Amino acid sequence: MKRQEFVDQLLKRAKGTPGTRGEAFAPANIALCKYWGKRNAELNLPVNSSLSISLGKLGTRTIIKFSKTSDRIFLNGKPAPKAFAERLSTYLDLFRPEGLFFEVRTKNNIPTAAGLASSASGFAALVKALDDLMGWGFTPRELSLLARLGSGSAARSLYDGFAVWHAGQRPDGMDSYAEGLSNVWDDLRVGILEVSRVRKKTGSTEGMNRTRETSELYRSWPAQAQCDYDELRTAIAAKDFPMFGKTAENNALAMHATMMAAWPPLCYWKPQSVSLMQKVWKAREAELELYFTMDAGPNLKLLFLTGDQAAVRRLFPKVQIVNPFL
Ligand code: DP6
């Protein structure tokens, strides 16, 4: 099935009529059990289910209107870079009424780490804004199916707090949606440690495709991901922080191990990433309940509880602390 067919099928369920303006916000999210590998690239269907935590008020706000002559895309108040604008326009083609163009103004409020201002909150905010403009009246679950086509991880950015994206089994991808978990973990904190803002050479799509095709270690990934997903759900339900942190950190490192065993090899780490990891391990040896996760980039995201916040700040004075449930 082609993605246009998928979209057309979903749009048959749409209700209202288009307005003149749509606006929406979506939070960034950090995967604790990672999505790494597609079983269907056309429909963006993942090999494994994933689980994330959203970053509260940090994310993307998007306003969308119709435009007469061409798409006009703005990022943080300026005309968007070409590659960004093209990716959005190609995505908007899926929903474009005949003869019409869009004006999109999108802003990220993630102050630092460029590695965080990801496509996830961007595509989630865009589909929510589109829903507002077109009057579809879709549920978050339906919107997650559409956001998924823009970027897989965007499916999870439709929700606050914990979210899961079900891998699904159907070839048409209709069961590969995300949903929010009702669990609230008030004293959980995420700490962002920025190592570099430089744009990565190999994007996630290319990175995961290469890993899946060439890495012998990738064979063990689907089973580990399933196991980690189950453990994280148990740890969240029981608020078992050591189990939660250990599973998330191990899942991230296992994903990076599959990448390093790819060819050509893929390593998103910088020397400073490794020294920060070692600092976390040393702190843990000294009984601090501190863990980290990392995505396809050099930055670390720390996981800890509020009781340890002062100690974390002492160790990492530059850390940017986020309350995911605020
Ligand atoms: C390492 O969602 O950016 O952050 O679907 O190809 O756009 P595409 O990939 P993307 O990949 C995210 C990879 C990750 C893990 C995760 O967020 O689950």
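Each ligand, and each atom within it, is numbered from 1 in the order the structure gives. Being a predicted model, the structure only gives us computed values, none of them experimental.
Under the 30°/60° scheme for interplanar angles, the aromatic rings of Trp136 and Phe95 are found to be tilted. Below 30°, between 30° and 60°, or above 60°: for Tyr91 and Phe123 the angle between ring planes is above 60°, a perpendicular geometry. Taking the six-membered ring where tryptophan is involved, the planes of Phe241 and Tyr291 are perpendicular, since the angle between them exceeds 60° and thus also 30°.
The distance from the CG atom of Asn109 to the CZ atom of Arg61 is 8.5 Å, given to the nearest 0.5 Å.
Ligand 1 places these atoms under 4.0 Å from at least one heavy atom of Ser204: 3 (O), 9 (O), 10 (P), 11 (O). Close approach to Thr205 involves these atoms of ligand 1, each under 4.0 Å from a residue heavy atom: 6 (O), 7 (O), 8 (P). Close approach to Asn44 involves these atoms of ligand 1, each under 4.0 Å from a residue heavy atom: 5 (O). Less than 4.0 angstrom separates some heavy atom of Gly152 from each of these atoms of ligand 1: 2 (O), 5 (O), 7 (O), 8 (P). Atoms of ligand 1 found under 4.0 Å from any heavy atom of Met208 (numbered from 1 in listed order, with element): 9 (O), 11 (O). Interface of Ala31 with ligand 1, defined as ligand atoms under 4.0 Å from a residue heavy atom, comprises 16 (C), 17 (O), 18 (O). Distances below 4.0 Å separate heavy atoms of Ser151 from the following atoms of ligand 1: 2 (O), 3 (O), 5 (O), 7 (O), 8 (P), 10 (P). Per-residue contacts place Ala296 under 4.0 angstrom from the following atoms of ligand 1 (heavy atoms of the residue considered): 1 (C).
Within the 4.0 Å heavy-atom cutoff, Arg148 does not count among the residues contacting ligand 1. At a 4.0 Å cut-off, not a single heavy atom of His256 sits close enough to ligand 1 to count as contact.
Remark: ligand 1 and Lys34 share no N or O pair separated by less than 3.5 Å (distance only, no angle test). Residue Asn29 has no N or O atom closer than 3.5 Å to an N or O atom of ligand 1. Any N or O atom pair closer than 3.5 Å counts here, and Tyr35 shares at least one such pair with ligand 1. By the 3.5 Å distance cut-off applied to N or O atoms, Ser153 is counted among the residues near ligand 1.
Nearest to atom 17 (O) of ligand 1 among the protein's heavy atoms is Arg156 NH2, 2.8 Å.
In summary, Asp71 and Arg96 engage in a salt bridge, as defined by a charged side-chain N under 4.0 Å from a carboxylate O. Looking at Asp228 and Lys34, no side-chain N of the basic residue comes within less than 4.0 Å of a carboxylate O on the acidic one, giving no salt bridge.
If you check the side chains of Asn29 and Ser54, you find no donor sitting under 3.5 Å from an acceptor. Remark: the Asn250 side chain and the Gln224 side chain contain an N/O donor-acceptor pair separated by less than 3.5 Å. Side chain to side chain, Tyr229 and Arg233 meet the donor-acceptor criterion of an N or O pair below 3.5 Å.
Counting heavy atoms closer than 4.0 Å to ligand 1, residue Arg87 contributes side-chain atoms (C-beta onward) but none from N, CA, C or O.
Nearest to atom 8 (P) of ligand 1 by heavy atom, out of Met259, Met294, Lys38, is Lys38.
Cluster membership for Leu217 and Trp269, using ILVMFWY side-chain heavy atoms within less than 4.5 angstrom, is not shared.
Remark: aromatic rings of Phe304 and Phe292 are distant, center separation not under 6.0 Å.
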